[in-house]
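What follows is one structure encoded as structure tokens, with my remarks underneath.
This one's a predicted model, so the numbers in the text were calculated from it and none came from an experiment. Chain letters run A, B, ... following the sequence lines, proteins first and then strands; every chain starts at 1.
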Amino acid sequence: MAEDLLEAENVCVGYGRGDIVHGVDVSVSAGRIATIIGPNGAGKSTMIKTIAGVLTRREGSIRIDGREIGGKPASEIARCGVAYVPQEANVFRQLTVTENLQMGSWIEPKEFDARYEKVCALFPILKERAKVRAGNLSGGQRQMVAFGMALMVEPKVLLLDEPSAGLSPAMVEQMFDIIKQVNKTGIAVLMVEQNAMQALKISDHGYVMAAGQVAMSAPASELLDSSEVSELYLGTRQ
Amino acid sequence: MSGQLIINGIVNASLIAPPAIAFSLLFGILRFPNFAIGAYVTVGAFIAYALNVGAGMPMWIAGLGAMAGTAVVVWLSDVLVFKPMRGHTPVTLLVVSIALALIIEHIIRLFYGADVRGFDLPLERPIKFAGLRITGEQIDIIVMTIVIGIAIHLLLQYTRIGKAMRATADNETLAEVRGINTSYVIAFTWFICGALFGLTGVFAGLDLVIEPLVGWYLTIPIFAAAILGGIGSPYGAMLGALLVGLAEELTVLVLPSSYKIGVGFVIIAVLLLIRPHGLLGQPEIKK
Ligand SMILES: Nc1ncnc2c1ncn2[C@@H]1O[C@H](COP(=O)(O)OP(=O)(O)OP(=O)(O)O)[C@@H](O)[C@H]1O
Ligand SMILES: [Mg+2]
């Protein structure tokens, strides 16, 4: 059996005393998209933060290409090919849009020019607003800066925490198109989404998290067909 | 008469500006007002004194030595005191920084007592024109502060490490996520700020006197300048220093000079009431 590009096994993690995430398994292989859905406070963000190294797992194993990354600081995990876009505070507010993108290519500064053109082709607004401080942008534009920053490297794994939050319905559509486009280049995508229906439609696999555990893990199409899932998580949004 | 006050004010501003910039940069990463800054300035003054008077070195070498030595002391204060305490509340850290200031001050007293000292410099006549006077040292202070202001601007705006400093101050977690080694960036920030405090010690020794409380007297004007400009904003700190420096001198026109020391307090109090984010700082936008 081939190893998946990203494999997290039996991950336990929390903030203070006590765990928030209790033994979660998640995996994505190259060129695939997996989406985590679930109610507020389920621990979705906590799980994805732990893979990115912002939190350190207390138990379990997290591997990229079979290499253990659990326990490494976030800056090293970034160098292992993981690009993470947090749910909140995901831009440098005092820095201009261009400076934000420069921070995106921090680990590969020589690639800046080429990647800048690519990212601006995806999000033309980033070029138009190049000199504006990210803190002065609208929520949707900030989201594009955040995503653009992550694409300034060519990651193996893209971790997206609610990439469509704050976007207009038309932009949501476009954002999912872009995620699909990026994914087609062979990048493994793991995302958390509230727009569960649309996210699952572009996904290969889906996880339902509840109360810090994986309640369901199935191919995305199965989750879309499941009456239980659509009642609980899809119906409310669509 | 008031022409002379403006000159004095500009000299005063030049003394306050570098440490106000440093205080602002440090606040950006620490998120608490570090009251030990006055003690750092005093350390700079005494290292320069030891090198200049004690070891007989020329003033410019003593000045560079003071910057380097103070940078190390200031960095050590992070490694030994503040780093182990990261995550505590700002109030706790503030109290710790006051304690640190007292400890440093008393260590200096242990070696040098409370005597008032000065550098060993050739006596120079002040330059006079149109009834105004300014000393050669004061001109040096003004020129060096302008150079430092430009250098810090270039560092923050155009260099890789400078951008990383701003990014880390803005959002440390995100900086780390983008692959920036933030502990290194923070240590570098402490060093740069330490050098600025050391230089201020040298300036204070040139323009005022050298004694264990010399930096302490500057603490309030430095805070006032940083708050006036918008805490965490280095450019604001430069503007704030100019305004506080002038305000302190110009109050002499309307109040006895013994009230000068209160000017910083008044500026802080008024600002916190009417514009807490300062002149150039950005108000926190809540999502
Ligand atoms: N920084 C933190 N410190 C302490 N507890 C936290 C912190 N962040 C989140 N939590 C708690 O952890 C639990 C899971 O939060 P998490 O953000 O992972 O949920 P989520 O599934 O992403 O929810 P949402 O859909 O609202 O984003 C919640 O109970 C939350 O209160
Ligand atoms: Mg979340």
Side-chain angles (χ1 to χ4, degrees), chain A residues 15-16 48-49 51-55 72-96 98-110 112 133-139 142-143 145-146 148-153 155 159 161 165-166, chain B residues 21 24-25 27-29 31 83 86-89 152-189 229-237 277-287:
Chain A
Y15 296 90
I48 216 165
K49 271 186 221 171
I51 298 173
V54 173
L55 293 171
K72 289 190 183 186
S75 58
E76 264 181 59
I77 291 178
R79 286 163 203 270
C80 296
V82 176
Y84 161 58
V85 183
Q87 179 178 0
E88 281 159 352
N90 53 16
V91 296
F92 298 106
R93 304 180 72 102
Q94 304 288 330
L95 273 55
T96 66
T98 304
E99 286 170 342
N100 268 276
L101 295 179
Q102 285 171 346
M103 290 301 122
S105 64
W106 175 263
I107 55 178
E108 294 169 350
K110 293 209 179 77
F112 177 81
R133 284 189 191 197
N136 294 339
L137 298 173
S138 72
R142 274 208 300 271
Q143 203 67 358
V145 174
M149 230 194 304
L151 296 180
M152 292 299 292
V153 287
L159 304 173
D161 199 343
Chain B
I21 295 168
S24 248
L25 288 173
F27 187 88
I29 54 171
R31 307 274 157 207
K83 207 172 186 179
R86 289 257 158 91
H88 282 78
T89 65
I152 295 281
H153 168 73
L154 296 176
L155 173 78
L156 291 176
Q157 220 57 39
Y158 298 106
T159 68
R160 194 166 146 81
I161 181 77
K163 285 178 190 171
M165 285 166 71
R166 285 194 291 140
T168 302
D170 188 305
N171 188 334
E172 191 179 333
T173 306
L174 188 60
E176 189 75 26
V177 161
R178 296 281 81 98
I180 299 173
N181 182 342
T182 53
S183 339
Y184 168 77
V185 174
I186 291 172
F188 181 83
T189 307
I231 226 164
S233 153
Y235 305 110
H277 50 272
L279 296 177
L280 296 190
Q282 301 233 329
E284 280 291 307
I285 306 162
K286 298 251 156 48
K287 262 218 248 186

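Taking CZ from B:Arg166 and CD from A:Gln94, the interatomic distance works out to 9.0 Å, rounded to the nearest 0.5 Å. Note that the CD atom of B:Glu176 and the CD1 atom of A:Ile77 stand 9.5 Å from one another [nearest 0.5 Å]. The CE atom of A:Met149 sits 5.5 Å away from atom CZ of B:Arg178, with the distance rounded to the nearest 0.5 Å.
With a threshold of 4.5 angstrom between heavy atoms, A:Glu76 does not approach chain B through any atom at all. Looking at B:Ala175, the atoms closer than 4.5 Å to chain A (heavy atoms on both sides) sit in the backbone and in the side chain alike.
No more than 12 heavy atoms of other residues, nucleotides or ligands shown are found within 6.0 angstrom of OH on B:Tyr158.
Just one residue in the list B:Val177, B:Asn171, B:Ile180, B:Leu174 forms a side-chain contact (heavy atoms from CB on, under 4.5 Å) with A:Met103, and that residue is B:Ile180.
For the set A:Asn100, A:Val91, A:Val82, the count of heavy-atom pairs under 4.5 angstrom toward chain B peaks at A:Val91. With chain B as partner, the option from A:Ala78, A:Ala52, A:Ala146, A:Pro86 having the largest number of non-hydrogen pairs under 4.5 angstrom is A:Ala78. For the options A:Gly139, A:Gly104, A:Ser75, heavy-atom pairs under 4.5 Å to chain B are most numerous at A:Ser75.
Taking each heavy atom of A:Trp106 and B:Ala164 in turn, the nearest pair found is CH2-CB, 3.5 Å. Annotation for B:Gly179 and A:Arg79: closest pair O-NH2, 2.7 Å, computed over non-hydrogen atoms.
Between the side chain of A:Arg93 and the backbone N or O of B:Asp170, no donor-acceptor pair lies under 3.5 Å.
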